[in-house]
Amino acid sequence: MSEQTITVTLATEKKPKPDPSKLEFGKVFTDHMFMMDYTVENGWHNAQILPYQPITLDPASVIFHYGQAVFEGMKAYLTAEDKVLLFRPEKNMERLNKSNDRLCIPEIDEEFALDALKQLINVDREWIPTGEGTSLYIRPFVISTQPFLGVAASISYKFMILLSPVGSYYKEGVKPVKIFVENEYVRAVAGGTGSAKTAGNYASSLKAQQIATQKGYSQVLWLDGVEKKYIEEVGAMNVFFKIGDEVVTPVLNGSILEGVTRRSVLDLLKHWNVPVVERKISVEEIFEASKNGELKEAFGTGTAAVISPIGEFLWNETSITLNNGETGELAKKIYDTLTNIQNGREEDPFGWTVEV
Ligand SMILES: *Cc1c(COP(=O)(O)O)cnc(C)c1O
C-alpha cells in the first residue's frame, strides 16, 4: 500500500486567503483536500489530492444512519525561518487506527497517511497563516460509504484530510474559563467508545454543552458514567490539577480519550522533575482541596487550545474559584514551552516536531 502514488489535480482557481487577524476556528478551508477510497476488492486505493469540493454520497450510506466515523485533529505551524512543523503527527495516525479498530474500520497505513498529509500541506503551503498563535488546523477523518441499512460494518469507506487556517485560540492572551460540573449526562463509559475519537461521542456531548453555555459556563466537567463521582475530562480536553506540590490527572480507564497534549504535558512535567501522578480523582476531593487551600491550579489540555486554564468550577450549587480566577504559573509555563516547541522558537529536546 505504501507503494501507492497520489494523483494530484490542482485547483484552476484559487480562493482568496482570509485576513489572519480575523480567523475563527474551522470555518475556512484551503484550496485542496486529500481523499482515498476503500473497497473490499481493492483495499485502500485511489489516493488523490484534488481541489476542495463537496462530495456526493448515496443517502443510504452507513455514515448517515449509524455514524460509523472517526476523526483526528492536529496542527501545522510556520516557524520564523519559514519551516513547516507538525507536532508528534505519528501519534495522531496511530490513534486514528486505534479509533478505526474500535469502529471496525479497516486499518490505514500510518506512514502513507503522514506522507499524504505532508504532500497536501506542501500544495497548500501558502495557506499557513503567520501571526502569533495562528496555525493550520488539520482534520483527517474516515466515513463509511456503503449504501446499506442493515446494521453492520460498511464494506466501503473514504479517508479524507481537510486543512483549515485558524487564528489564535486566545485573542486576548491565555484566559481561564468557567466550568460546569455535569451531574446528569455522561460522555462515555468504559467498554463504550470514549477512548476512540468518534463522531458519535461528540454528538452525544452536545446537550450538556448547550446547557452549560446557557448557564454562562464555557465547558462541562465530565464525571464517570457509573458513579458520577470521578473526574474524566473537561469538554473535549484532558484535565490536570495541581494539588499542593503534586500534579494529578485522571488515569486512563477505557472511557477517557488519550490526548497527545496530555501525553506531552506528562512528559514535560517528568522532564522538569515536577511530581505528577495518573490516578482516579473524585470531584469531592477537588472541592475539599479547594477548601483546604491545597488546590493551586487546574487546566485542560488539547490540540486546539493547547492549555486552557480553569478559573472556576460549579458543582451542584457550590462554586470554587482557583488562583483568584487567574492563569496559574504552571499552566502558563507549560503553555509557553509547548507552543514555543510547536512553533520552533525553543529547542525540542524530545524530538516531537517533524518538518514537512
Ligand atoms: C481530541 C480529544 C482530546 C485531546 O486530544 P489531543 O490529542 O491532545 O488534541 C481530549 N479529549 C477528547 C474527548 C478528544 O476528542
Side-chain angles (χ1 to χ4, degrees), residues 25-26 67 69-77 86-100 102-103 110 113-114 117 135-142 162 164 166 169 177 179 182 185-190 192-209 212 218-225 230-241 249-269 278 298-310 331 334-335 337-339 341-342 350 352-354:
F25 180 81
V70 301
F71 68 95
E72 269 304 321
M74 52 211 288
K75 283 175 172 175
Y77 307 84
L86 294 167
F87 184 73
R88 311 185 83 175
E90 68 290 343
K91 289 256 174 256
N92 293 88
M93 296 310 178
E94 193 185 311
R95 187 171 65 190
L96 179 68
N97 270 332
K98 277 193 203 154
S99 303
N100 281 340
R102 180 64 184 81
L103 262 62
E110 290 166 26
L114 186 50
L117 169 61
S135 59
L136 188 68
Y137 185 78
I138 301 162
R139 172 52 59 88
F141 65 107
V142 185
L162 310 180
S164 172
V166 295
Y169 194 87
V177 292
I179 301 299
E182 176 55 54
Y185 300 104
V186 297
R187 192 190 81 88
V189 290
T193 55
S195 58
K197 224 169 163 71
T198 68
N201 288 346
Y202 278 70
S204 72
S205 75
L206 299 176
K207 188 78 182 171
Q209 175 63 46
S218 59
Q219 304 271 330
V220 305
L221 187 76
W222 297 109
L223 303 181
D224 78 272
Y230 296 101
I231 293 167
E232 301 231 314
E233 302 200 44
V234 59
M237 289 182 285
N238 297 113
V239 64
F240 286 74
F241 300 90
T249 191
V251 65
L252 301 176
N253 59 357
S255 53
I256 292 171
L257 195 283
E258 183 175 8
V260 178
T261 320
R262 175 187 184 274
R263 182 70 260 156
S264 307
V265 170
L266 287 172
D267 293 344
L268 206 52
L269 292 173
E278 298 170 67
F299 53 89
T301 68
T303 297
V306 186
I307 299 295
S308 179
I310 296 168
I334 297 170
Y335 177 82
T337 306
L338 281 181
T339 54
I341 291 174
Q342 288 167 339
F350 307 95
W352 282 338
T353 54
V354 171

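Remember, it's 1-based here, ligands and their atoms both numbered in the order they're listed. Values below: all heavy atoms of this structure, side chains included; hydrogens, waters and symmetry mates excluded.
Here the options are Ile307, Val306, Val260, the test is side-chain contact (heavy atoms from CB on, under 4.5 Å), and the partner is Val265; only Ile307 passes. Evaluated for a side-chain contact (heavy atoms from CB on, under 4.5 Å) with Glu233, the options Val239, Asn238, Leu223, Val220 yield exactly one hit, Asn238.
Side-chain contact between Phe241 and Ile310 is absent, with no heavy atoms from C-beta onward closer than 4.5 Å.
With a 4.0 Å cut-off on non-hydrogen atoms, Met237 touches ligand 1 through its backbone and not its side chain. Only side-chain heavy atoms of Glu233 come within less than 4.0 Å of ligand 1; its backbone N, CA, C and O stay farther off.
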message: Applying side chain to side chain contact (heavy atoms under 4.5 Å, CB included) to Gln342 and Lys75, what does each step give before you reach the verdict?
response: CA-CA 9 Å; Gln342 288 167 339; Lys75 283 175 172 175; over 6 Å; no
- prompt: So Arg88 and Ser264, side chain to side chain donor-acceptor pair (under 3.5 Å) or not? Walk me through it.
  reply: CA-CA 9 Å; Arg88 311 185 83 175; Ser264 307; 2.9 Å; yes
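Under a 4.0 Å criterion applied to the non-hydrogen atoms of Asn238, ligand 1 contributes the atoms 10 (C). Residue-ligand proximity, Tyr202 to ligand 1, at heavy-atom distances under 4.0 Å covers atoms 14 (C), 15 (O). Those atoms of ligand 1 that come under 4.0 Å of a heavy atom in Thr303, given as number and element, are 6 (P), 7 (O), 8 (O), 9 (O).
For ligand 1, the polar-atom distance check against Arg95 finds a nitrogen or oxygen pair separated by under 3.5 Å. Of the N or O atoms in Thr261, one or more lie within a sub-3.5 Å distance of an N or O in ligand 1. Between Gly235 and ligand 1, a contact under 3.5 Å exists for no N or O pair.
A parallel orientation is assigned to the rings of Phe240 and Phe299, their planes being inclined by less than 30° (bins at 30° and 60°).
At the top of the distance list for atom 13 (C) of ligand 1, counting protein heavy atoms only, stands Arg187 NH1, 3.2 Å. The protein heavy-atom contact nearest to atom 2 (C) of ligand 1 is Lys197 NZ, 2.6 Å.
In this structure, CD1 on Ile138 lies 5.0 Å from CE on Met74, to the nearest 0.5 angstrom.
In this comparison of Gly259, Gly302, Ala236, the heavy atom closest to atom 10 (C) of ligand 1 sits on Ala236.
For Ala113, the side-chain contact (heavy atoms from CB on, under 4.5 Å) test picks out Met93, Ile108, Phe159, with sequence neighbours left out.
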